[in-house]
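Shown next, in structure tokens, is the structure this report addresses.
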Amino acid sequence: MAGSINKVILVGNLGRDPEVRHTAAGAKIVHLSVATSDVWKDKNGERQEKTEWHRVVIFNSNLADFAERALKKGSKVYVEGSLQTRKFQDVSGQDKFSTEIVLGSFRGELVVLEGRADGAPAGEGAPEEGEPAPDAGWDSAPSADNGGFNDEIPF
């Protein structure tokens with residue numbers, strides 16, 4: 001059995017369009033801002049809601065391409081990655097920390113639950129050239145855990 005596990009699963013909505021950047025070597029990195037909300041009624045019966053914002057960083061090139069193409073502000077997504085905290089210095093030289101959900105080169109999963117960039121619900125719309133038809137299980141990006149292949153049967 002593994003000594004420890006670092007796995008984060010989120011289901012939430014994008015607060016803005018994916019932010020695409022490139023490293024000096026040309027690798028694509030995509031940043032997502034995902035909101036998750038808890039809703040409950042307080043002791044007076046009034047509806048309460050608390051929203052948490054999560055930074056998601058995608059280093060996997062297949063998942064990054066998928067996110068750039070298929071996601072937009074408001075998209076409901078399933079994200080699976082690992083939690084990482086990185087340290088950096090701001091412009092004044094002060095140490096800062098950022099905790100992120102990371103979809104690395106060989107791990108992570110990203111699934112569109114509702115909506116697509118073209119405004120059609122997930123699984124609808126014309127596929128781009130070279131893509132399988134929407135009914136071929138293309139609502140989710142290839143999982144990084146299985147070498148980029150989507151092994152799910154599309155029914």
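In this text the structure is predicted, and so the values were computed from the model without any measurement. Counting from 1, the numbers follow the sequence of the chain as shown.
Smallest separation of non-hydrogen atoms from Val77 and Val79: CG2-CG2, 3.8 Å. Here the closest non-hydrogen pair linking Gly45 and Lys41 is O-CD, 3.7 Å. Here the shortest heavy-atom pairing between Ile9 and Tyr78 reads CG2-CE1, 3.4 Å. The heavy-atom pair separating Asp17 from Lys73 by the smallest distance is OD1-N, 2.7 Å. In terms of heavy atoms, Ala70 sits closest to Ser75 at O-OG, 4.5 Å. Contact between Thr36 and Gly12 at its shortest, heavy atoms only, is CG2-CA, 4.3 Å.
No donor-acceptor pair closer than 3.5 Å links the side chain of Asn44 to the backbone N or O of Glu46. Without hydrogens or angle criteria, Asn6 side chain to Leu83 main chain gives a donor-acceptor distance under 3.5 Å.
Lys96 contributes atom NZ, which lies 11.0 Å from atom CD of Gln89 (distance to the nearest 0.5 angstrom). Here CD of Gln84 is found 10.0 Å from CZ of Arg86. Values are rounded to the nearest 0.5 Å. Rounding to the nearest 0.5 angstrom, the gap separating the NE2 atom in His22 from the NZ atom in Lys28 is 5.0 Å. Between atom OG of residue Ser37 and atom CH2 of residue Trp53 there is a gap of 8.0 Å, rounded to the nearest 0.5 Å. With values rounded to the nearest 0.5 angstrom, Glu80 atom CD is found 8.5 Å from Leu103 atom CG. Rounded to the nearest 0.5 angstrom, Glu19 CD and Arg55 CZ are separated by 8.0 Å.
Val111 and Val11 fall within a single hydrophobic cluster, where Ile, Leu, Val, Met, Phe, Trp and Tyr side chains are chained together by heavy-atom contacts under 4.5 Å. Hydrophobic cluster membership is shared by Phe66 and Val34, with clusters built from Ile, Leu, Val, Met, Phe, Trp and Tyr side chains linked at under 4.5 angstrom.
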Going through the distances and angles, do Lys72 and Leu14 end up as a side-chain contact (heavy atoms from CB on, under 4.5 Å)?
CA-CA 7 Å; Lys72 67 174 184 171; Leu14 291 176; over 6 Å; no
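When each of Ile101, Leu32, Ile29, Val30 is checked for a side chain to side chain contact (heavy atoms under 4.5 Å, CB included) with Val57, only Ile29 meets the rule. Checked options Ile58, Leu63, Val20; the residue passing with Glu68 is Val20 (criterion: side chain to side chain contact (heavy atoms under 4.5 Å, CB included)).
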